[in-house]
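Presented below is the structure to which this report refers.
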Amino acid sequence: MSNPVEVSQIIANAKKSIEAKKAQLGLTSIGENKKDALMALKARIAASVANVQAKSYLDSTPVTIPRTLPDQLTQKQQNMEERDRSLNLIIDSEGRTIDKRTGEVVLMQTPLPTLKANIKTQKRDYRTAMGGDRKEYPSGLASTISGVSTTFDAKVGDKKFEGEKEIGETFYDNRLKFKLKERTKRKLVFNEKGKYLDIANKLRAKSKLLLLQKEIASISKKTGISNESKLALIQPKRTTKEVIPNIEWWDFAVLNELNYNSLDQLNDQQLREKLRINRLIEHPVQMKPPTHSDRKVVPAVMLTKKERKKLRRQNRAELLKEDQEKIRLGLIPPPEPKVKISNLMRVLGTEAVQDPTKVEEFVRNQMAKRQKLHEEHNASRKLTDAERAAKKKKKLMENTSLVVNVCVYRVKDLSDPAVKFKLEANCNQLHMTGAVLLYKNLNLVIVEGGPKQQRKFKRLMLNRIKWAETNSRIKDDEEFTREKNTCSLVWEGTVKTRSFGPMIFKMCPTITFARDFLKKLGIEHYWDKAQSDAIIQQSDF
């Protein structure tokens with residue numbers, strides 16, 4: 001074991017090696033307490049500022065060091081001491097805040113609530129007191145000082161109060177571009193002389209033109225010129241020159257000639273041989289129409305009510321006879337006697353006299369069992385909601401793969417939303433397709449479906465809806481007139497395929513727009529027919 005002298009010598013050697021290591025790393029200048037560390041940090045900051053000044057002088061750039069930097073560093077030091085002091089605060093039994101190191105009573109400062117406008121004023125005053133102009137310091141020095149202040153704050157950890165600014169926030173980089181939110185001033189805009197006079201003259205000219213057009217329309221309506229001109233616009237006269245060929249195509253297949261000149265040189269016998277004419281008649285093969293179905297349609301037999309009852313009675317008798325044969329052969333057990341309150345004494349006899357209460361309970365249980373069995377049988381045959389909807393849809397749906405029935409109606413006014421709802425709802429319920437074109441006093445309703453669906457929809461359009469009660473108020477310039485609303489069937493027939501999907505409503509600002517919409521589908525003749533009928537109906541002759 002080592003003696004105490006050797007141990008003390010080892011400890012002294014270890015301390016010397018530690019001191020040498022500290023001197024090698026440059027840690028001997030750092031104090032052991034926080035004040036020494038703060039003084040070392042101040043020395044580093046001063047060295048950085050001196051380097052910046054030297055660099056700016058070498059670059060021949062004037063540099064102005066802010067005077068407020070030492071003051072702010074002093075303030076930061078005080079804040080640091082305040083923070084260290086706050087870590088040693090305790091509360092005594094009387095509720096007072098006391099410093100545990102000195103025993104003094106400490107009065108805590110509480111921030112008072114204030115308005116945002118007051119905070120902005122304090123910031124502006126502080127900025128003015130700190131130097132005001134942002135262009136006072138060069139960009140390089142500003143960024144350096146801003147970095148120094150940020151590093152200092154990170155090490156010291158000072159708490160910021162309202163209205164207080166960091167050192168970096170008082171300096172700005174010229175390279176940053178930002179716009180301040182400022183309210184632009186409104187400028188006075190004066191109208192030029194004669195502006196409203198021109199507007200008034202245009203309105204007067206427009207009213208005079210409307211009156212003139214109204215007079216011309218009334219005169220042309222009396223003479224009948226307007227109706228004829230409108231009809232001419234619907235289907236304008238086509239002037240095309242008809243080219244007569246040298247030989248028709250059907251004759252070319254027989255003669256095999258380019259003209260008819262060769263026929264003049266032939267006699268009757270040669271002509272008969274060339275044309276292959278004889279006394280026989282060629283009958284073409286009769287073809288089936290495209291809507292013809294090969295499936296044979298068997299008409300359903302309609303029975304009277306008396307015949308239906310008789311048929312039901314016979315079917316039930318046959319079923320009962322089969323059950324009796326099975327009971328006779330022992331395949332199924334015989335059914336229990338059907339006892340009711342009315343035939344109680346006749347079926348049970350002496351048993352009912354001996355214990356009437358027991359027999360009555362037995363009879364009632366049997367009646368309840370029969371009632372329950374009957375209700376379960378009915379419930380098993382009852383359709384579900386999905387099956388009921390499918391059955392109703394199958395009843396309304398019709399096969400339109402071969403031919404589609406189309407009806408076109410013309411309505412004078414369709415501004416009533418209730419009528420529009422009826423048309424759309426019935427069309428969807430009947431699983432029909434179509435469209436409604438809305439244009440002033442000429443509204444076209446086109447529906448597509450099967451014959452049964454068209455029959456129901458036609459009854460809606462011509463009978464069920466009271467068009468006279470849906471009168472509309474039509475404005476004619478300055479006076480209001482009331483006209484009777486009407487609905488008429490323009491055309492009904494069959495087509496090969498459908499042209500529309502589910503019912504839609506199309507607003508048409510002009511006649512050309514409506515006709516072009518139908519022309520894309522190849523059914524513009526619907527509109528031509530409806531418009532010509534409307535013009536003829538309005539005519540006085």
Please step through side chain to side chain contact (heavy atoms under 4.5 Å, CB included) for the pair Phe505 and Glu424, ending with a clear verdict.
CA-CA 9 Å; Phe505 288 82; Glu424 186 177 6; 3.9 Å; yes
When you measure from the side chain of [X] to the backbone N and O of [Y], does any donor-acceptor pair fall under 3.5 Å?
X	Y	answer
Asn343	Lys338	yes
Glu257	Asp251	no
Trp527	Thr512	no
Asn315	Arg312	no
Glu398	Gly449	no
Asn246	Asn259	no

Are [X] and [Y] side-chain neighbours, meaning at least one heavy-atom pair lies under 4.5 Å?
X	Y	answer
Glu307	Leu311	no
Ile327	Pro335	yes
Leu518	Leu437	yes
Asn378	Lys382	no
Leu258	Phe252	yes
Thr497	Val404	no
Lys456	Gln429	no
Val408	Lys529	no

Gln324 vs Leu320, side chain to side chain contact (heavy atoms under 4.5 Å, CB included): CA-CA, chis, key distance, verdict
CA-CA 6 Å; Gln324 289 175 354; Leu320 184 62; 3.9 Å; yes
Could you tell me which residues satisfy salt bridge (charged side-chain N to carboxylate O under 4.0 Å, His left out) with [X], sequence neighbours excluded, listed by chain and number?
X	result
Glu325	Arg328
Arg364	Glu360
Asp385	Arg388
Lys288	Asp294

So, for [X] and [Y], which heavy atoms are closest and what is the spacing to 0.1 Å?
X	Y	value
Gln453	Leu396	NE2-O, 3.0 Å
Met503	Val436	SD-CG2, 3.6 Å
Tyr439	Cys508	CD1-O, 3.2 Å
Arg308	Leu303	NH1-O, 2.7 Å
Lys412	Lys484	CD-O, 3.7 Å
Glu248	Tyr260	N-OH, 3.2 Å

So, using side chain to side chain donor-acceptor pair (under 3.5 Å) as the criterion, who are the partners of [X] when residues are at least two apart?
X	result
Glu448	Thr433
Glu322	none
Asn428	none
Thr400	Arg498

How long is the straight-line distance from [atom2] of [Y] back to [atom1] of [X], given to the nearest 0.5 Å?
X	Y	atom1	atom2	answer
Gln537	Ser488	CD	OG	6.0 Å
Ser499	Ile523	OG	CD1	4.5 Å
Lys394	Met397	NZ	CE	12.0 Å
Ile216	Leu211	CD1	CG	11.0 Å
Ser218	Gln213	OG	CD	12.0 Å
Trp491	Leu489	CH2	CG	10.0 Å

Salt-bridge contact Lys520-Asp516 (side-chain N to carboxylate O under 4.0 Å)
no
Could I get the full list of side-chain contact (heavy atoms from CB on, under 4.5 Å) partners for [X], not counting sequence neighbours?
X	result
Tyr196	Asn191, Ile199
Asn463	Arg459
Ile244	none
Val403	Thr291, Thr494

With a cut-off of 6.0 Å (strictly less than), are more than 12 heavy atoms of other residues, nucleotides or ligands near CD of Gln314?
yes
Quiz question: by atom type and distance under 3.5 Å, do the side chains of [X] and [Y] form a donor-acceptor pair?
X	Y	result
Gln371	Glu375	yes
Glu336	Gln366	yes
Arg204	Asn201	yes

Can you list the steps and then say if Asn405 with Glu492 is a side chain to side chain contact (heavy atoms under 4.5 Å, CB included)?
CA-CA 7 Å; Asn405 292 65; Glu492 62 177 335; over 6 Å; no
Taking the six-membered ring for Trp, are Phe457 and Tyr409 parallel (under 30°), tilted (30 to 60°) or perpendicular (over 60°)?
tilted
Apply side chain to side chain contact (heavy atoms under 4.5 Å, CB included) to Gln531 and Leu444, showing your working.
CA-CA 9 Å; Gln531 189 180 4; Leu444 206 64; over 6 Å; no
